[in-house]
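Following: one structure in structure tokens, then a few remarks.
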Amino acid sequence: MTIQKFPDHATLSQYTAEHIADIINQKPDATLCLASGDTPIETYHRFVELVRAGRVDVSQCTFVGLDEWVGFGPDDFGSCSYYVFRDLFVPLALRPDQVHIFDAKATDLTADCTRIDTLIQAKGGLDVLLVGMGMNGHIALNEPGTSFTLGCHLSELAESTKTVGQKYFEKETTLTQGITLGLRHLTEAHEVILLVSGSKKAGILRDALQGPVSEQIPASIMQTHPNAQVWVDEAAGSLLANV
């Protein structure tokens with residue numbers, strides 16, 4: 001695990017966008033899974049600029065959705081996929097065959113988990129997985145106590161996740177379950193990037209990276225990955241020792 005601290009969110013975002021472009025330039029048919037949420041939005045805007053400037057070609061890439069609130073889809077404001085489509089997939093003008101997201105409205109959600117598991121396996125694993133971290137240390141919608149060995153699965157949302165999740169919606173919305181890639185996909189990914197920004201996550205970030213590895217803090221799994229990159233701004237990394 002490599003930890004790098006950047007002076008601000010803008011610098012962090014530019015560095016991340018250029019790094020993803022470098023990965024694709026080295027492997028034009030890369031399979032990428034890129035998280036939704038507030039932290040990576042600026043990264044995506046800057047990555048789109050690189051594509052439009054001809055710095056990188058995404059026409060052979062495959063993009064996999066990380067997670068979704070059960071009962072929501074890309075047309076629903078506030079859904080995970082809504083923001084990834086808005087900030088990344090649509091600006092990149094990706095073809096439908098390049099994008100594979102969970103159908104969180106499916107009648108058989110277990111079968112949909114199997115569909116995404118099978119896709120990732122057929123691609124030989126994810127070339128890059130970009131994730132953020134929740135206030136309770138969750139990665140994607142893998143809540144505290146989730147086994148590190150699970151593939152795609154349904155998740156019962158923690159109360160803190162239900163509360164924080166309200167910020168993505170225009171009005172109070174009932175959230176109960178998620179459908180998500182599992183932490184097994186993280187351990188099997190060729191490279192994992194964890195982006196963390198803001199002082200409110202400084203404490204849980206310190207516990208995840210410099211405390212014991214525990215399923216009670218899912219983000220602590222980063223310590224076990226041979227090619228894990230943890231990139232943070234000054235505020236998020238303010239409590240890390242020797243960084």
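- Placement of I193 and Y44 within a single hydrophobic cluster is found when ILVMFWY residues are connected by side-chain heavy-atom separations under 4.5 Å, directly or transitively.
- The cluster map of Ile, Leu, Val, Met, Phe, Trp and Tyr, joined by side-chain heavy atoms under 4.5 Å apart, puts I204 and V232 in the same cluster.
- To the nearest 0.5 Å, atoms CG (D207) and CD (Q216) are separated by 13.0 Å.
- Counting non-hydrogen atoms of other residues, nucleotides and ligands closer than 6.0 Å to CD of Q166 gives a total above 12.
- Although no hydrogens or angles enter the test, the distance criterion places a donor-acceptor pair under 3.5 Å between the side chain of Q210 and the main chain of A241.
- Between the CG atom of L195 and the CH2 atom of W231 there is a distance of 7.5 Å, given to the nearest 0.5 Å.
- Under a 3.5 Å cut-off, the side chain of Q98 and the backbone N or O of V58 do form a donor-acceptor pair.
- Under the 4.5 Å side-chain contact rule for hydrophobic residues, L94 and L88 share a cluster.
- Closest approach of F148 to E215, counting heavy atoms only: N-OE2, 3.2 Å.
- Side chains of F85 and D75 form no contact here, defined as non-hydrogen atoms less than 4.5 Å apart.
- The shortest distance between side-chain heavy atoms of V56 and F47 falls below 4.5 Å.
- Only one option out of L186, L32, V64 pairs with L126 in a side chain to side chain contact (heavy atoms under 4.5 Å, CB included); it is V64.
- Looking at N25, its side chain does come within 3.5 Å of a backbone N or O of A21 through a donor-acceptor pair.
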Problem - D76 vs K105, salt bridge (Lys or Arg N to Asp or Glu O under 4.0 Å): CA-CA, chis, key distance, verdict - result: CA-CA 11 Å; D76 298 313; K105 297 182 177 182; 3.0 Å; yes
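- For residues 175-201, the pairs satisfying side-chain hydrogen bond (donor to acceptor under 3.5 Å, both in side chains) are H9-S197, H19-E191, D117-H185, E156-Q177, S197-D233, with sequence neighbours left out.
- What you find for V70 and G178 is that their closest heavy atoms are CG2-C, 3.7 Å.
- A side-chain donor-acceptor contact under 3.5 Å links R95 to the backbone of S59.
- V131 and V128 end up in different hydrophobic clusters when Ile, Leu, Val, Met, Phe, Trp and Tyr side chains are linked at under 4.5 Å.
- Shortest non-hydrogen contact noted between A189 and L129 is CB-CB, 4.2 Å.
- With 3.5 Å as the limit, one finds a donor-acceptor pair spanning the side chains of T161 and E143.
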Problem - Worked check of side chain to side chain contact (heavy atoms under 4.5 Å, CB included) between L183 and L150 - result: CA-CA 6 Å; L183 295 171; L150 283 182; over 6 Å; no
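- A donor-acceptor contact shorter than 3.5 Å is absent between the side chain of Q229 and the backbone of L194.
- In this structure, the side chains of P28 and C61 stay at 4.5 Å or more apart for every pair of heavy atoms.
- Nearest heavy-atom pair across I139 and A219 is CG1-CA, 3.7 Å.
- Taking S147 as the reference, T149 meet the side chain to side chain donor-acceptor pair (under 3.5 Å) condition, with sequence neighbours excluded.
- Going from atom CD of Q26 over to atom CG of D127 covers 10.5 Å, rounded to the nearest 0.5 Å.
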Handout entry: Working for side chain to side chain contact (heavy atoms under 4.5 Å, CB included), residues M1 and V230
Key = CA-CA 7 Å; M1 180 180 68; V230 182; 3.8 Å; yes
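- Listed by chain and number, the residues in a side chain to side chain contact (heavy atoms under 4.5 Å, CB included) with T11 are F6, P7, D8 (sequence neighbours excluded).
- Side chain of D87 to backbone of V84: no donor-acceptor contact under 3.5 angstrom is found.
- Using a cutoff of 4.0 Å between basic side-chain nitrogens and carboxylate oxygens, K27 and D22 are not scored as salt-bridged.
- Listed by chain and number, the residues in a side chain to side chain contact (heavy atoms under 4.5 Å, CB included) with E234 are K5 (sequence neighbours excluded).
- Here I41 contributes atom CD1 and S36 contributes atom OG; the two are 8.5 Å apart, rounded to the nearest 0.5 Å.
- Residue pairs meeting the salt bridge (charged side-chain N to carboxylate O under 4.0 Å, His left out) criterion with at least one partner in residues 45-69, sequence neighbours excluded, are E42-R46.
- Closest approach of N136 to S160, counting heavy atoms only: ND2-OG, 3.4 Å.
- Counting Ile, Leu, Val, Met, Phe, Trp and Tyr side chains that sit under 4.5 Å apart, directly or through other members, L141 shares a hydrophobic cluster with W69, F72, F77, Y82, Y83, L157, Y168, F169, L175.
- Under the side chain to side chain donor-acceptor pair (under 3.5 Å) rule, K123 has a single partner from T62, T31, D29, which is T62.
- Side-chain atoms of L209 and S220, non-hydrogen and from C-beta on, never get closer than 4.5 Å to each other.
- In this structure, T43 contributes its side chain and T39 its backbone to no donor-acceptor pair below 3.5 Å.
- Of all the heavy atoms in A111 and D108, the pair that sits closest is N-OD1, 3.0 Å.
- For the pairing with F102, the side chain to side chain contact (heavy atoms under 4.5 Å, CB included) check across L109, L66, I179 returns one residue only, I179.
- To the nearest 0.5 Å, atoms OG (S81) and CZ (R86) are separated by 12.0 Å.
- Grouping the Ile, Leu, Val, Met, Phe, Trp and Tyr side chains by contacts below 4.5 angstrom, directly or via other members, places I120 apart from F63.
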Exercise for the section: Report the C-alpha distance between L92 and V48 in whole Å, list the side-chain angles of each, state the deciding distance to 0.1 Å, and finish with yes or no for side chain to side chain contact (heavy atoms under 4.5 Å, CB included). Expected result: CA-CA 6 Å; L92 290 178; V48 169; 3.9 Å; yes
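- The neighbour count for K167 NZ, taken as heavy atoms of other residues, nucleotides or ligands under 6.0 Å away, is above 12.
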